[in-house]
Structures are given as structure tokens and as C-alpha cells.
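A quick note: this is a predicted structure, and the numbers were derived from the prediction, not measured.
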Amino acid sequence: MTDPDISTAPLDAAPLDAVVIGAGVAGLYAMYRLRKQGLRVHGFEAGSGVGGTWYFNRYPGARCDVESFDYSFSFSEELQQDWDWSEKYATQPEILAYLDHVADRFDLRSGFTFDTRVSSAHFDEGTALWRVQTNDGRDVTSRFVVCATGSLSTANMPNIEGRDSFAGDVFHTGFWPHEGVDFTGKRVGVIGTGSSGIQSVPLIAEQAEHLYVFQRSANYSVPAGNTPLDDTRRAEIKANYAERRALSKRSGGGSPFVADPRSALEVAEDERTAAYEERWRLGGVLFGKTFADQTSNLEANDTARTFAETKIRSVVEDQSIADVLIPNDHPIGTKRIVTDTNYYQTYNRDNVSLVDLKKAPIESIDAAGIKTTESHYDLDALVFATGFDAMTGALDRIDIRGRGGETLRENWQAGPRTYLGLGINGFPNLFVVTGPGSPSVLTNMILAAEQHVDWIADAIAHLDANDLTTIEPSVEAVDGWIDECSRRASATLFTSANSWYMGANIPGKPRIFMPFIGGFGVYSDICSDVAAQGYRGFQLNSAVHA
């Protein structure tokens, strides 16, 4: 079904109203929302299809850690009622099928040019237009640029000596072959035990002759507790979707589950244990939000950590292996808790070996495999589960230049500088969706994308209704927002962990806690208040300044 009010915008010499970079969750909704507003919009996408993260991340076991009914668009009641999820936590193929369905249902695919990367975006102060160029020679101008580039879209390949000399098959979980990979009878090495490593290891182990897991730092993981959804359960949720969405939008993480407002230390031990047991049963990241002070009070955090460690030890037969699998370098929940299926049980298999890189770091990779300071591991295939240059990586790879030719890389050399995570001083009419300075990866990314895009669309409508040309935040607003984000982060335990939230996985990247940690509902209220006060903190201009 195609919405009759949506019109497509052909590429021609006339300036567009908006260029959308990326056709993932945020890019699709931006295309829909801005078209509905009557704007001429075109998008560019590096992949051959829609889906963004879910298009590229096809590694074995890839699954969302937000429940399917919540990790979905809320803008169309018909869409909510018509689509049937098969599982509590959807896998990558089902999520991609859903996004393909959304693209087709609302004729969004026609607005994008695929297999095309935006190479540069330069602001022309004389015309107040952005000049956007792509890697295949396209050159368009636009009033606005919406960066829907994704927070986890730029793969991180570690610079290990000899990396390119390996003679076997090499894969990265962020760019998995669409046809899949058969590891049957092969000796496989997986480097990294973040989300993609933890999710893929159990399935690779089922095929491989032998699997070596090279663990740089241990992460906490909670079983998904995944279950199929039957017609009765689907009907029940759909009948209460309005309430479920309302709870999600007021919550901290964008789902209808809220933490117990009490301190973990206030409740009796048996009640606290029962609460942890219930969250463990629900599965995944929700365990990290059982009690309100779980990630702000170390003593409270220790109660959750002790519970999780007991759970891990109960399923790992060799306690010396459990010792290595249990983190000792960060409070639980300050790195993203992974959602897994039988991860810890996998280390009970005879064909799986855990290599502790803290004890014996990797020295080099050669044609035959991996050499650590203690041993050499002969391999037929090597999987890099080494994550992403999160939140800023995709933007950093585009030559973005604002007023006076200042590059975004220069502006962000000491860390990302935004106001509300939406705008950047010196870069008029450039918007970022779910980037640094917003709740971003700490919340349900689909609802976060909708909230951001709706705010952006309303801001553009405000400019057009008042004969205004440009919008950009003031330096003071940016400075104030950075201070606000830092103040909130420093009141938690999150800054004590060397996480990708801090950019710690990328050599040379400034160490700054990038998301807004105050919660999705609180953040949404702040954004609404800024708009209601005439876009407080933003400079709105009606004339073009040469």
C-alpha cells in the first residue's frame, strides 16, 4: 500500500529540500516524514537495499535485544496491527524483512539511490545550501541534510601486525556475506566477545571442527529467554499497543519496562533476588535496569554483579574458564549487557577453546593463524567480531564542512560537540539522528529515530512558516549541553568502564561519554521544551549571509 500523499523527488538541477544520508531505520522514517510534509527529498545509501545495520549485520545469531513489538515503528497504527512478529526477540532476517516491508508499503525505496556513498557535504554560505557529492560523481544541492548514518555502522578492524597476511577466509561480523558461511570441518578463530562475538560463537561452534575464542575483555551476557509468539500473545499486545507505546516513550530505555524506583540496598535479600530472577527471566539488557541505583551506586551494583556471576558459574562446568569469562574490570551494565542464546554453555563443548588475551596478548597474525605471546593457533578461518567506531565513525568518514570551511573532524577533534545531539554549531541546517549527545544507543533506536525525525521535521516546518532560512545551535548552547551530558554521566558508574560508549575501542579517539544518559522520556521533554520556547539555544536566520 502506498500513501497517496507521498510524492517522489527526481534528482535534477533544482535544489532539494532535504538530502537523507542512510536508508536504515532513521533514514526510512525521515524519507516518510519529510515527504508527508510536502518536501522534495532524496536519500543515498551505501548498501544495495534498505535496513542499515540490519542489512549489513548478517552474522550467525544476530538478534535484537529489544522485544520485537517494541523495536518497531509506531507512526502507523495499520502497520502495527498488520505485521506479525514470530519471536519475542527477532533475528536479523526477520527485522530486515520487516524494514523491507515498511519500505515497500510506503514506497520509500523510490526515494533512495543505493550502492552510493556520500563522500562530501559542504555548506555554501552565499546560498545557504548544502552541496552533497557522492562516490559515483553525483552532485546535488539541498537546503537541509539529515544524517541518518547510524550509530553502529562503521566496522572497526583492529590494526594487528600481519592482519592482511592470513591465507584463510576472513570475515567481519559487521559485513557478513549475504549467502552465509559454512564453517563445517574448519578451525575457526573469533576475535572479540562483544555482542556480535557472543551471539555468533554458539552457532559457529556447532559447525566448526574447533573454535578458538580470543577474548580481549570479558562482557556480561544475559540469556535472551526468547520464545515464539502465538496468535493469542500477538492479539493481546496489539490490543494494548497504545498503552505499551506510551509507557515506552516515558521510560528511560524506550521499552515498557521500568526499574524499581527503590535502591537495591533498601529491599530484603530474598525480595532483591526475586527481582533479579524475574529480570534474568525476561532476558537481555533489562537485567541492568532492575533497580534505580544499579548503575549509580557501586554497592548496589555489586548485588547485581554477584547474582550474574552465580548464574554464569552455574552453567560453565570448568570454573577456571568461568573465572576468565566473568568480567573484573567494570560494574555490570556499564558496558552494554549482551543478549545471548547458550553462550556460556558453549564453553562446555570439547571443540571450543577460550584464549585469554589479557594473559597472553596477540602478537601477530600470519598466513597460518594467530600468534599470541604463549602459543600459535593454526586456523582455516578468522572472524573479526571487533565492533564499530560507534556513534561518530560514519560521520567522520564524510568530508563535512560548515561555515568558513571548518570540517566536522576539526570541530569534533576533542570529542563530539552537539546541542541535543541534533545540531552542530557552525553547520547550519545539518541534522544528526540518534548521534552523540542524544540517548541514542542507550534506548530503543526506532522510537528514538522517530522522536528525532519528528523534531527535525517540525523545525523545518517552523522555518518555512516564518520565512526563515537557517537553524543552528549557538556555541553557548553546545557548551551547556556538553556540560549537562557530562554532569549526568559523571553521576553514574558508566564512565568507569572502557566501553565503546566512551570511544575506548578506537585507538586515538577522544575519551568522552557520548550518549545522553538521562533517559528517553526526560530527553524528549527537553527537546519539546526547546521547540516550545522558539527553539531556545538555536540561532534562526532569515537572510543568507555571504
Distance in Å, Phe538 CZ paired with Glu472 CD, rounded so as to fall on 0.5 Å steps: 10.0 Å
Glu77, CD: over 12 other non-hydrogen atoms inside 6.0 angstrom: yes
Residue that, paired with Val432, satisfies side chain to side chain contact (heavy atoms under 4.5 Å, CB included) out of Val146, Leu422, Ile424: Ile424
What orientation do Tyr523 and His452 show, parallel under 30°, tilted 30 to 60°, or perpendicular over 60°? tilted
Working note: Asp479 + Arg417, criterion salt bridge (charged side-chain N to carboxylate O under 4.0 Å, His left out); need CA distance, chi angles, decisive distance, verdict. CA-CA 8 Å; Asp479 288 342; Arg417 291 177 49 79; 2.9 Å; yes
Return yes if a side-chain donor-acceptor contact under 3.5 Å exists between Tyr29 and Asp454, otherwise no. yes
When you measure from the side chain of His42 to the backbone N and O of Val19, does any donor-acceptor pair fall under 3.5 Å? no
For the aromatic rings, using the six-membered ring if either is Trp, is the centroid distance between Phe427 and Trp412 under 6.0 Å? no
Do the side chains of Ser142 and Pro15 get nearer than 4.5 Å, heavy atoms only? no
Would the number of heavy atoms belonging to other residues, nucleotides or ligands and lying under 6.0 Å from CD of Glu243 be above 12? no
Any luck finding a side-chain donor-acceptor pair between Asp399 and His122 under 3.5 Å? yes
Checking side-chain contact (heavy atoms from CB on, under 4.5 Å) for the pair Thr149/Arg397: CA distance, chi angles, key distance, verdict? CA-CA 11 Å; Thr149 47; Arg397 284 154 178 77; over 6 Å; no
dist Leu357:CG -> Arg216:CZ (nearest 0.5 Å) comes out at 8.0 Å
Please check this pair: side chain of Thr334 against backbone of Phe494, looking for a donor-acceptor N/O pair closer than 3.5 Å. no
For the student: nearest non-hydrogen atoms of Gln92 and Asn57, plus distance: CG-O, 3.1 Å
Centroid-centroid distance, Tyr55 to His178, less than 6.0 Å: yes
Within the supplied structure, the quantity of interest is the number of heavy atoms (other residues, nucleotides, ligands) at a distance under 6.0 Å from Asn159 CG; does it exceed 12? no
Would you please test Phe69 and Tyr241 for side-chain contact (heavy atoms from CB on, under 4.5 Å) and show each step? CA-CA 9 Å; Phe69 274 101; Tyr241 234 142; 3.3 Å; yes
Gln451 side chain near Cys527 side chain, heavy-atom distance below 4.5 Å: yes
Can you name the closest pair of heavy atoms from Trp455 and Ala531 and give their distance? NE1-CB, 3.8 Å
At what distance, to the nearest 0.5 angstrom, does CZ of Arg409 lie from CD1 of Ile398? 9.0 Å
So, taking the atom named CD1 in Ile332 and the one named OG1 in Thr295, what distance separates them when rounded to the nearest 0.5 Å? 11.0 Å
Minimum heavy-atom separation for Thr386 to Ile191, with atom names? CG2-O, 3.7 Å
Does some side-chain heavy atom of Phe384 sit less than 4.5 Å from a side-chain heavy atom of Leu382? yes
Under the side-chain contact (heavy atoms from CB on, under 4.5 Å) rule, what do Tyr32 and Val453 come out as? Steps first, then yes or no, please. CA-CA 10 Å; Tyr32 172 85; Val453 169; over 6 Å; no
What do you reckon, is CZ of Arg488 surrounded by more than 12 foreign heavy atoms closer than 6.0 Å? yes
Intermediate values then yes/no, salt bridge (charged side-chain N to carboxylate O under 4.0 Å, His left out), Arg35 and Asp17: CA-CA 10 Å; Arg35 277 179 169 181; Asp17 290 310; over 6 Å; no
Check whether any side-chain heavy atom of Phe171 sits under 4.5 Å from a side-chain heavy atom of Tyr59, and report yes or no. no
Using the rule given for side-chain contact (heavy atoms from CB on, under 4.5 Å), can you reason through Ile526 versus Trp481, listing the C-alpha separation, both sets of side-chain angles and the distance that settles it, and then say yes or no? CA-CA 11 Å; Ile526 293 172; Trp481 187 246; 4.1 Å; yes
Side chain to side chain, Arg336 and Val285, heavy atoms closer than 4.5 Å: yes
So Tyr419 and Val530, do their side chains get closer than 4.5 Å, heavy atoms only? yes
Say whether Ser119 and Gln133, considering side chains only, have a donor N or O and an acceptor N or O under 3.5 Å apart. no
Rounding to 0.5 Å, atoms CD1 (Ile471) and CG (Leu430) come to a distance of 12.0 Å
State, without any angle test, whether Arg245 and Ser72 hold a side-chain donor-acceptor pair at a distance under 3.5 Å. yes
To check you understand the geometry: which heavy-atom pair defines the closest contact between Ala449 and Thr434, and what is its length? N-CG2, 3.7 Å
Dump the intermediate steps for ring-ring contact (aromatic ring centres under 6.0 Å, His included) on Phe75 and Phe106, then the final yes or no. CA-CA 12 Å; Phe75 69 85; Phe106 300 101; 5.2 Å; yes
Hey, does Phe520 have a side-chain heavy atom less than 4.5 Å from the side chain of Ser248? no
Any Ser74 side-chain heavy atom under 4.5 Å of Leu447 side chain: yes
Determine the minimum heavy-atom distance between Val478 and Thr418, stating which atoms define it. CG1-O, 3.7 Å
